[in-house]
Undergrad: 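Sending over a structure as structure tokens; questions will come in a sec.
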Amino acid sequence: MSITAMILSGGRSRRFGGVHKPGVRLGGQTVISRILGTVRQAVPEAEVWVAGTTDGLTDAEADSVGSVREEPEFSGPLAGIEAASRAMGGSEVTVILAGDMPLVRPDHLRALIVASRESGLPAAGVDDRGKLQYLCAAWPTALLRRRLADIGQTQDRAVKLLFSGLEVAPVDVDPAEIVDFDTREEYERVARRIEATDADTAGADAPSGARAVPEQVLRMRDLAAAELPEGAWMTDAEVAAVLEFASHIKHSDSSLSPVVAAFLAGRLHAATREGGASLAEALAHVEGTLTRSQG
């Protein structure tokens, strides 16, 4: 199944003091970088387009996506959706994401895609205000393009026009995960939730007491991203887990090089990824095997 994802980043951010919201940092990453990372985790093979500026992405991330601007600039998210739909290739399902929604999770994106593909309808969840979240949705690509053609003029018009008269496939989601932010107060609430979520993720993906990842390592990760196959992106937590794993091997009784051990874990992770095995599980499996071999 071919998937396209579009991230909308063309707004003026007036209520946020004119600061480009997708480019602000949350939990050590920009908002748009977090969203792109979520897309890559959910659907590694997806074709990704940014409708608006790519400010906030690293050079490697920007090189890995297509980019297009709505015409004229700042003419609204519906115009951005139309611009991206014209630029992107063919696909079965298209995911539409606001560029200021950093809490969305990979499993929710996958659920949206499955619901849209199976129903032939747009799929969306309900946000914390009890409203359908139009900018975290999945569409059959052909239907999306037909709706845009039916609407005609998209500049400065509401995204809800796409959904007018259509049944929507509902997807259960924690409403707090599909919130955006428009003001500083809302940004602070999202930041607190990300801080708590990242702490939980680090606890699940890396051994207790794992050291912070040096910035230069993350920069190397970002620079290498454009040269790696689709789906090879690693989150900060996964990088931390690999470094901690290599340290464990280095200081263990195993004679195997930490580099070779990490390579073996990576091969195992790649071979089982579609089956749901996490990187942490692959690292634990290899470390356990090496430990047993020394017993």
Undergrad: Would you mind listing every ring-ring contact (aromatic ring centres under 6.0 Å, His included) that reaches into residues 25-45, with sequence neighbours excluded?
TA: none
Undergrad: Give the intermediate values and the outcome of side chain to side chain contact (heavy atoms under 4.5 Å, CB included) for residues Val48 and Ser64.
TA: CA-CA 8 Å; Val48 181; Ser64 74; over 6 Å; no
Undergrad: Please name the pair of heavy atoms, one in Ser33 and one in Gly56, separated by the smallest distance, quoted to 0.1 Å.
TA: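 Looks like CB-O, 4.2 Å.
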Undergrad: Using every non-hydrogen atom in the two residues, find where Met6 and Ser85 come nearest and quote the distance to one decimal.
TA: CE-N, 4.0 Å
Undergrad: Where do Met88 and Thr4 come nearest, in terms of heavy atoms and distance?
TA: SD-CG2, 3.4 Å
Undergrad: Under a 4.5 Å side-chain heavy-atom rule over Ile, Leu, Val, Met, Phe, Trp and Tyr, are Leu121 and Val159 clustered together?
TA: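 No, separate clusters.
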Undergrad: Between Glu45 and Ser2 (side chain of the first, backbone of the second, donor and acceptor by atom type, cut-off under 3.5 Å), is there such a pair?
TA: no
Undergrad: Show me the pairs that pass ring-ring contact (aromatic ring centres under 6.0 Å, His included) and involve residues 47-99, at least two apart or across chains.
TA: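 Found none.
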Undergrad: Donor-acceptor pairs under 3.5 Å, side chain of residues 164-178 to any protein atom, not counting sequence neighbours: which ones?
TA:
| residue | atom | partner | partner atom | Å |
| --- | --- | --- | --- | --- |
| Asp174 | OD1 | Ala176 | N | 3.0 |
| Asp174 | OD2 | Arg193 | NH2 | 3.2 |

Undergrad: Rounded to the nearest 0.5 Å, what separates atom CD in Glu92 from atom CD1 in Ile3?
TA: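 Between Glu92 CD and Ile3 CD1, I get 6.5 Å after rounding to 0.5 Å.
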Undergrad: If you measure from CG on Leu78 to OG1 on Thr154, what distance do you get to the nearest 0.5 Å?
TA: 5.0 Å
Undergrad: Run the side chain to side chain contact (heavy atoms under 4.5 Å, CB included) test on Ile96 and Leu144 for me, step by step, so that the C-alpha distance in whole Å, both residues' side-chain angles and the decisive distance to 0.1 Å come before the verdict.
TA: CA-CA 10 Å; Ile96 298 173; Leu144 174 63; 4.2 Å; yes
Undergrad: Stepwise, does the side chain to side chain contact (heavy atoms under 4.5 Å, CB included) test hold for Phe16 with Val24?
TA: CA-CA 11 Å; Phe16 203 65; Val24 300; 3.7 Å; yes
Undergrad: Would you indicate whether the side-chain heavy atoms of Val95 and Val39 approach each other to under 4.5 Å?
TA: no
Undergrad: What is the distance from atom CG of Leu36 to atom CG of Leu97, rounded to the nearest 0.5 Å?
TA: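 Taking CG in Leu36 and CG in Leu97, the distance rounds to 10.5 Å.
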Undergrad: Does any pair with a residue in residues 126-153 pass ring-ring contact (aromatic ring centres under 6.0 Å, His included), and if so which ones, sequence neighbours excluded?
TA: Tyr134-Phe163, Trp139-Phe163
Undergrad: Go through the steps for Ile81 and Leu148 under the test side chain to side chain contact (heavy atoms under 4.5 Å, CB included), then give the verdict.
TA: CA-CA 9 Å; Ile81 292 170; Leu148 288 166; 4.2 Å; yes
Undergrad: Test of understanding: with side chain to side chain donor-acceptor pair (under 3.5 Å), list the residues that count as partners of Glu118, not counting sequence neighbours.
TA: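 In terms of side chain to side chain donor-acceptor pair (under 3.5 Å), with neighbours along the sequence ignored, Glu118 is linked to no residue.
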Undergrad: Tell me every residue that passes salt bridge (Lys or Arg N to Asp or Glu O under 4.0 Å) with Arg86, counting only those two or more places apart in sequence or in another chain.
TA: Glu82
Undergrad: Do you know which two heavy atoms are closest between Leu26 and Val31, and how far apart they sit?
TA: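 Result for this residue pair: CD1-CG2, 3.6 Å.
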Undergrad: So, the side chain of Ser116 versus the backbone of Leu112: is there a donor-acceptor pair under 3.5 Å, distance only?
TA: no
Undergrad: Is Leu132 reachable from Val179 through a run of hydrophobic residues whose side-chain heavy atoms are each under 4.5 Å from the next?
TA: no
Undergrad: Which pairs of donor and acceptor atoms, one on a side chain in residues 182-189, lie under 3.5 Å apart (sequence neighbours left out)?
TA:
| residue | atom | partner | partner atom | Å |
| --- | --- | --- | --- | --- |
| Asp182 | OD1 | Lys21 | NZ | 2.8 |
| Thr183 | OG1 | Glu185 | OE1 | 3.4 |
| Thr183 | OG1 | Glu186 | N | 3.2 |
| Glu186 | OE1 | Asp182 | N | 2.6 |
| Glu186 | OE1 | Thr183 | N | 3.2 |
| Tyr187 | OH | Arg25 | O | 2.8 |

Undergrad: Please identify each residue that fulfils side-chain contact (heavy atoms from CB on, under 4.5 Å) with Ile32, with sequence neighbours left out.
TA: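 With sequence neighbours excluded, Ile32 shows a side-chain contact (heavy atoms from CB on, under 4.5 Å) to Ile7, Ser9, Pro22, Thr30, Val50, Leu57, given in chain and number order.
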Undergrad: Under the salt bridge (charged side-chain N to carboxylate O under 4.0 Å, His left out) rule, what pairs show up with a residue in residues 132-158, not counting sequence neighbours?
TA: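 Pairs touching residues 132-158 that pass the test: none.
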Undergrad: What pair of heavy atoms forms the shortest contact from Cys136 to Met101, and how long is it?
TA: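 What the structure gives for the nearest pair is CB-SD, 3.6 Å.
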Undergrad: Using only atom types and a distance under 3.5 Å, with no angle test, would you say the side chain of Gln133 pairs donor to acceptor with the backbone of Leu135?
TA: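 Checking the backbone N and O of Leu135 against the side chain of Gln133, a donor-acceptor pair under 3.5 Å is found.
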Undergrad: With sequence neighbours left out, write down each residue that passes side chain to side chain donor-acceptor pair (under 3.5 Å) with Thr141, or none if nothing qualifies.
TA: Ser91, Thr94
Undergrad: Among all residues two or more places apart in sequence or in another chain, which pass the side-chain contact (heavy atoms from CB on, under 4.5 Å) test with Thr38?
TA: Val104, Pro106, Leu109
Undergrad: Run the salt bridge (Lys or Arg N to Asp or Glu O under 4.0 Å) test against Arg69 and tell me which residues pass, sequence neighbours left out.
TA: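 Here the qualifying residues are Glu73.
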Undergrad: Which pair of heavy atoms, one from Leu8 and one from Pro77, lies closest together, and at what distance?
TA: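 The pair with the smallest heavy-atom distance is CD1-CB, 3.9 Å.
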